[in-house]
Every structure is written in structure tokens, then in C-alpha cells.
4 protein chains.
Amino acid sequence: MGNAALRKKIYVIIHGTDTPAGRRFDVVLLWMILLSTLTVCLESVPTYRRELSLFFRVLEWIFTVAFTLEYILRVYSNPRPLKYVFSFFGIIDFLSVIPTFLAFFIPSFRYIMAIRILRLLRVFRILKLTSYIENAQIIKSALMASMQKITVFIMTVISLVLVIGTLIYVVEGEENGFTSIPQSIYWAIVTITTVGYGDITPKTAVGQVISSLVMLMGYAIIAVPTGIVTVELSKVKVAAPDVDAGPTKVCGNCAREARPTDNYCSNCGHQLVNLK
Amino acid sequence: MGNAALRKKIYVIIHGTDTPAGRRFDVVLLWMILLSTLTVCLESVPTYRRELSLFFRVLEWIFTVAFTLEYILRVYSNPRPLKYVFSFFGIIDFLSVIPTFLAFFIPSFRYIMAIRILRLLRVFRILKLTSYIENAQIIKSALMASMQKITVFIMTVISLVLVIGTLIYVVEGEENGFTSIPQSIYWAIVTITTVGYGDITPKTAVGQVISSLVMLMGYAIIAVPTGIVTVELSKVKVAAPDVDAGPTKVCGNCAREARPTDNYCSNCGHQLVNLK
Amino acid sequence: MGNAALRKKIYVIIHGTDTPAGRRFDVVLLWMILLSTLTVCLESVPTYRRELSLFFRVLEWIFTVAFTLEYILRVYSNPRPLKYVFSFFGIIDFLSVIPTFLAFFIPSFRYIMAIRILRLLRVFRILKLTSYIENAQIIKSALMASMQKITVFIMTVISLVLVIGTLIYVVEGEENGFTSIPQSIYWAIVTITTVGYGDITPKTAVGQVISSLVMLMGYAIIAVPTGIVTVELSKVKVAAPDVDAGPTKVCGNCAREARPTDNYCSNCGHQLVNLK
Amino acid sequence: MGNAALRKKIYVIIHGTDTPAGRRFDVVLLWMILLSTLTVCLESVPTYRRELSLFFRVLEWIFTVAFTLEYILRVYSNPRPLKYVFSFFGIIDFLSVIPTFLAFFIPSFRYIMAIRILRLLRVFRILKLTSYIENAQIIKSALMASMQKITVFIMTVISLVLVIGTLIYVVEGEENGFTSIPQSIYWAIVTITTVGYGDITPKTAVGQVISSLVMLMGYAIIAVPTGIVTVELSKVKVAAPDVDAGPTKVCGNCAREARPTDNYCSNCGHQLVNLK
């Protein structure tokens, strides 16, 4: 009984935002995620890695222990632990802590440790509870509505760069840096998206004429996705969420936000714990 | 009689999508096209070409034989074979297989074999039958409606880059990489479309001032095609296609999709075979 | 009398498009303008200039003589020749022929001859009579309507690049290629407009952080002119021009298109010759 | 009494635009600001700094003395001098003159003197009184209204570049110029915003494939902020300002424009001097 009460209390702290403890937990977690992400970034800088080796190792273990503890508590307090473990955020949580433990056994530092950057994605679980979510929903539904049109557009662009890449490969040839069709397609994408690195550039007159046409084409083509998204965005109507309708609830299984009156998650059917 | 029945049956398999055989044919063809395009790309990589020479040659012949067979069946089953042969897709189909046969006689590998990339375009015949076509139509009609405005825009940009190119040629001169007016125009296009390779850049102070003005101009100018397409896209109304009105029919001559009740192609007047 | 009739006849041929002679004159002139522009471009290519020196000189004199003749006829047939001479197109016409004559006396080839590229602008006088004019008008009025907003935008961007340029100059310094504030401002413009030549790039960590912020800023900022122009374009209503209301008339003074019933140019008050 | 009258008179000249003296003051100040900004820029060019050292020093002192005088008059004539001193424009005014005085004592020329570029921002105080302000307001309110959506967008882009940067760091590694995760994130931003310097570019095939995907992603992503701002811009309604309702008044404290009938600033509550 005391056990069930404890689990429920932990669950409320971890998933709720309307109790002082729950809010404090979210703020601390947010900062730890951001700090640990920053640590992963700075640790990769060669000079820092050499000179601050110990400092980073200690910091890393603090974060790992904290996140491991959090992970265990999440599994423990969840009414359906297995479903959580194999959910999107469950896997992200696991991948956030496992590299540090693995680094004991496997020497190749870089490849394993880089996985920890995925910790950053955990920020989105916390942000799900903020007022930003409504705006994210508007953008998301506009993008979803224009998905098919964007797909058609991207497919057309891909066909275009394949043909253009092959053409420039034939025209410029290996002696001007266009060593293969894949490389020439890479150049075509760099050009049509107006990125323009300049690592491979046309040298012959014909190649420069083709490039110019591709650029003007890219200039006109960029209008299409913009037009699509703009039109969809202007159509989107969002039902005003009843923000003051009571304490916020979050599904312990899939982290989907729930209405206070919900008893089951509308996304995964998981039974919701009643916040006091 | 048996001959005519066979021709009709082949025709239905090749052009229809509502019979299991027709759908299977499309799926197999789609994968073969994508795989053979990938092969053409990878074959052009020098290391692969050297080491996997035999593998590529065998693969190439499998694709060529299959596509040649398909081409023969298309000609054979088509009620008006000549019209098919000289249609857009007829020519693409022919160009997809002929380079491999020509490579026997002509040694210059690169130039002939690159034509095979056009195989990719055959994908669009199959895609014509999918749900994407409606969205492609919306984009296409928006682009068509804004064609004249885009043309005016492109013409203005071309005049602009001609004058700007000449100006920078005079200001920077051959000693700074602006070796001729065509090359300087190429630079102007690279700059005004915000591609910015950096293979030719202004070195003098005056040249950098002109460049800055061109960039700011390009920044404001890019708004024009986007605005045009957006406005047209917001106007486009598409009549809902009656997707459930029966089996899909495709013109055997020009690959235009036809309504199930059509007897003649609305595009080229070609008589349509009735899908039993 | 015969003189006045001749002048009127020449005027009609040069300015009208509804007589066969007038249309033929326009087509020939259009091709001569495009060809002479191409000649100016190709002549600047060092190898062509050396090897085809005579060919270009002969071609140049043919164009110059033809354009000079046209210029004399325009002045001669115009009821108010002085006003034509000092009009925009009058000056362009003059600048199109004078460099070739000047090249006799002044040796510095490049600087004088480049002026001839302005010949291209004469194309727009002919295009004024085509169906493109309506679409050009739509774009023009949208740009005009958004002129003030675009100016505010460009001014803000200029202030931004001045402050950013100075900041990066202080941070990166002369040793990393940011040799002066004007050069750093040039870099800021190259970056914020997403051109990105890469001739000057930040080397220090702080400089790269500032660059990243500038790029993300430029990414969001580009939305503003696009939004402005799109909104204005969607507002533009163009009165349908009465295209079939009779022969086209053009002001001999300012090249503005006039309604067939007009007696005086609506732009400059110049009396219009009646196309018999 | 004479003192109070003098203060009021100075105040009217400095803050008003409807008296001839006030307008003349604004025009002179505008030109001095622009000229002094130009001087700061040109002074940073090494050759100019060496050869025109004396010229720049004399010019600098003229501007500094004039701006210092203006600053003293602003403080003196202002009814609430302290509030002005610590307002945004008060600090900018102070930072505009202090570097020249500091340069006496501190030798490190570059870092201190660069602050003077902030003089440019003073232009916006004068521009606040022009007709441009209305358009700036429209853009500003559209940006404000879309602030939350743009923030969501920028946050998503930042998460994206963090993950992409780490991925490319693992794939390409230090030997190809991707020396650390922060540097790789810098590359990801350069790529996704289509700036494309080309100082760091992928060398491996896998890296180029990832780059291509990032570019296509950036190509589609750029549509989002544009769509957001366009939709907001099309919604903005601006109440027509009563431009002819009498002389213009400006708050002496926060430089906010006030209606002629206002007695207190609507922004900071500062009592407004009545323009006789």
C-alpha cells in the first residue's frame, strides 16, 4: 500500500506540472539536459578534451547517475513499465545513459559517446507541457497538410538533380572535379538549393552555362514549397485549448498531454493516474 | 484471334493497375528502374568501376534485356505502335536500352552510357497512377498560371545580370578572375541567386560594394517568384477526382490517365482498350 | 509635303506594331539587339578576341552602322526630336553606338566598349508592345506598393550588417581576414543574404557562434520581404486592358504605350501621330 | 525664468520637427551621424588609417565635440534628465562619445573605437518622426504576432543542427575538418541556412549523402518562417494615424512619438512639454 502510494507520488512528480514539486522537477531536469548536452559538445573539442579530461569525466558521471536514477524511477513508477521502455522517449532515455557505461568496455570513444547528444531530444518531453505546444501544433498540421505536395516537389527536385548531375558529369568530366555521377548529383543539390559550397565548381564554359540555368531554376523552384506551406498555414484553424480547465495530465506511457477529465490516454489507451 | 487476345491481355497488364498482375508488373518495374538508375550512378565511381567491373556488366545486361523485352511488348501490344514509338515515353524507353547495345561498337564509355540515367524518368509513368498525381496537378496548374509572370521575372533577372556582369568586369578586370563578360555574368548569377560558390569573388573595394548591392537586391528579388507562386497556389481549385468510380485506365499512347467511362483518350484521341 | 509624308511613314514603321512593315522592323531590331549583345559578350573572352579579332570588328561595324541609321531615323521622324534625344531610350540609343566611334580615338578598349552592353535595354522598348506588359505591370505595382516596407526592411538590414560587421571585426580581427570594418560589413552582407562565398570566414570559436546567429537571423529575416511582396501581389487588381480596341500606338517621345483613341501621351503630354 | 524658457526652447528644437529650427536640427544631426559612421568605417581600413591619420583624428574630434554638446543639451533641457540618461537612446548617446575620450588613456585602439559604430542607431530616433514609422510598425507587429511560431521553428532548427552536427562529426571525423561537435554544428547551420561557405565540406560519400539530405531539408524548411510571416502580414490592420492633426510631439524621455493632444507619454508616463 505504502509502495503503491510512493509510486503514485513519484509518478505525479515526474509527469505532472501543476504541483510545486512537479514544476521544480521539470526545471531541474531541463537545466541538466541542456548542461549535459553542452558538456558533450565541449568535450569533443580536442584542446578541452586534453586539458579538462578529469573535469569532463566527473561531470559526465554526475549526469549519468542522475539520468539513470530518473530512468529507474520512471520505470518503477509507471503502471505499465514495459510499454514505457519501448516507447520513443523510453528508448531516448535509455540511449542517454548507456554510452557512459559502455565506454568502460569499448575503447573507441567518439562513436559511442556521440549518441549522448540524443539527450537533447528529451527537452521536447518537457516542452510538451508549455504554451509553445499550440504553435508547434499549427506548424505541424500545416506541414502535415502539405506533406503530399512537398513530397511531389522533393521527388521532382531529386529527378532533376539526377539528370542535371549526369549532364554536368558528361560535360565537365573527372578532370574538373566531377569524378563520378553521385559526386555530380551532390554538386547539383548543392547548387539547386543555393547552398553553393564551392568545393566543386564548373570550369568549362558549357558547364558554367548549365550551372547558371540550374541556379535560375533553383531560384524559381524555391517558390514552390514556400507557396505550399504559406497556403496551408493560412488555412489552419486551431481549436482554442481549454488551458484553465484544471491541472495538466500527461500519459505515463507515451508522454502525450491529456485533458484533466481523461481517464485513458487518447493516443495509446494507457490508463491515466488521477492527479489527486 | 488468340493473337489479338494475347495482345489485349499484355496491354492490360502493362497499362492497368487494377488487376493483380498489372499491379505486380508496376511494382517490379518500379524497383528495376530504381535499381538500374542506382547501378548507373555507382558504375561511374572510378573505384567501383575498376573493382566491380564484371558485376556491373552482368547487372547492366540483365536490366537491358528486361527493358528491351518490355519495350518490345509495349510496341507489340499497342494498338497504334508507331504513335507510341514517337511519343515522349516511347523515346525515353528506347534511349533507356540503346546505349548498352551501342557500347559494343563505340568505345567512348562515359558519354553514351550516361544517357541511361534517363531511365529514371520512366518512374513518372508509373507514378501517374498513384494518388500523388492530384497534388502534382495542383502545383503544375499554379506554375502554369504564373508562367507569364515568372517569365517576365526571369527576363528581368537576366537583363540585370548582364548589366551587372559587365559592370563588375570593368571594375574588377581580368587580374581578379573576371576574365570575360560571360564569366562575369556567371558570377552575377551565382551572386544574385544567393548560391555564392566563391570561385570568383570581388577583390577591390568598389567591386565589394557592387557585390553587396547585388546581394541585397537578390535578397529582395527572391520575394517576387515566391509571392507569385503563393498567390496562384492559393487560387487553385481542383475538382475532386472520382477515385472510387471504377478501375483506372491509362492511354496506351501517351500515358495520360483516363476516366473509367472514357472510350477515347482525352489528350491524343487514341482509342482506349476496355479493361474487362 | 513629301518630306512630311516620309517622316510620318518612317514614324509609323518604327513605332507601330500593327502594320506588316512595323512588325517586321521590330522583329529584325529585336534579333539585331540580341546578336549585338552576344557579340559584346563573346568579344570579351580573351581567346575569341585574339583569334576572331577581324570577325568581331566587321560585325561590330555592321551593328553600329545599322543602329546609327536607326537612331538618325528616329530623330528625323520624331515630331519633337530634342525631347526624344534626352529621353531615357534616346540616351540608351545614343550610348549604344557612340563607343564604337570613340574607340577610334581612345585606346583603352575595355572600359569604353563595355558601355555597349546597354544595347540590351533597348529590348524592353520592343517588349513594351507585347502581352508581357500586363504581367510586368502587376509585378511592378506590387513592388511599388511594398516599396516603403521594403525600404524599411533594407534599412534595418543595413543597420544590422553595420553593427554585426563591426562586432566581427573586433572579434576576429585582421589576422583572420577581417582587415577592416567595410570588409567585415561585406562579410556580414554575404552571410545574412545566405550567399556565403567563403572568401572570408570566421576562424575563432566566438566568431563562429556570432556567424551562426547571423545565419539563423538571416534565415528568419528573409521571410519579411517575401511576406510583404506576397501580400501586395494578392491585393493587386489589374483592369483588363482592351487589347482588341484597335491598332497599338506608342508615344514617340517616351515610348509609353497609348490607347488608340489617345491624341496626347498620357505620360509626357507629347502629341501622338495618328496611325492612319 | 529665462533659464526655464531657454530649456524649453532647446527642448522644442531637439525633440520637435514642426518648427523650422527643429527640422534643421534633425537634418544636420542626420548627416553628422551618417558621416561619423562612415568615418569610423573608413578609419578601420589599414591604408587610410596610416595615410590619413591626422585627417581622421581632426574629424573625429569635431564629431565628438558636437555630439557631446548635443548630449549635454539633451540632459540639460530634459525635464527628467536621469530617466533620459538611463533610457535606451540615452545610453547610445553616451556610448557614441565616450570612446574618443577613453582613447586618451587606453592604448588598444580597435576594441574601444569600434563602439562608436553604435552612433548609427541614433538615426532611428530621427526616423521615428518620418512617414516610415507606420510601415515599420506593420512589419514589427507581424513579427511580434509570429514570434512564438518563429521561436518554435528556431528551436526545432537548433535541435536539428545539434543532432546533424554530431552525426556528421562521427561520420567525417577530425581528419576531414570536422574537428569537434561545435564546429560540426557550425557546419550544419552553414548548410541548413543555405549559406554554404565551403570552408568545411564533407569529403566522404556518406558525408555527402547526409549533406544532400540536410540541404533538401533546409530547402523545404525555409518555407516555414516565410509562411508564418506572410500569413501574419496579411492579417495586420493598422489604424490610420491622424497625420494632419497638428504638430508632432516626442517624449523627451523615451523618444516615443506622442499625439499633439497628449499631456503625458503613453509609454513611460513622462510629462510632455507643450509645443507652443
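Sequence lines set the chain letters: A, B, ... in the order given, protein chains first and strands last, and positions in each chain run from 1. Keep in mind that what you see is a predicted model, and the values were worked out from it rather than measured.
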Checking heavy atoms, do the side chain of [X], its backbone, both or neither come under 4.5 Å from chain C?
| X | result |
| --- | --- |
| D/Leu143 | side chain |
| D/Ser146 | neither |
| D/Ile139 | side chain |
| D/Tyr48 | neither |
| D/Val40 | both |

Item to check | Separation of D/Ile181 CD1 from D/Ile168 CD1 (nearest 0.5 Å) | outcome: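 So the gap between those two atoms works out to 12.5 Å.
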Checklist entry - When rounded to the nearest 0.5 angstrom, what is the spacing between OG1 in D/Thr64 and CZ in D/Arg116? => result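 One gets 7.0 Å once the value is rounded to the nearest 0.5 Å.
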Next on the checklist: Applying the side-chain contact (heavy atoms from CB on, under 4.5 Å) criterion to C/Met155, which one of C/Val157, C/Thr151, C/Val152 satisfies it?
Outcome noted: C/Thr151
Checklist entry - What residue, out of D/Thr193, D/Leu121, D/Thr226, D/Thr230, has the most heavy-atom pairs lying under 4.5 Å from chain C? => result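 Between D/Thr193, D/Leu121, D/Thr226, D/Thr230, the count favours D/Thr193.
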Item to check | When D/Ile228, D/Val190, D/Ile189 are compared by non-hydrogen pairs under 4.5 Å with chain C, the top option | outcome: D/Ile189
Checklist entry - Does D/Glu60 pair with D/Arg49 as a salt bridge, N-O distance under 4.0 Å? => result no
Item to check | Test of ring centre spacing under 6.0 Å for D/Phe101 and D/Trp61 | outcome: yes
Item to check | Top contributor to chain D contacts, counting heavy-atom pairs under 4.5 Å, from C/Val195, C/Thr191, C/Val163 | outcome: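 It is C/Thr191.
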Item to check | Aromatic D/Phe67 / basic D/Arg122 pairing, under 6.0 angstrom, 45° off normal | outcome: yes
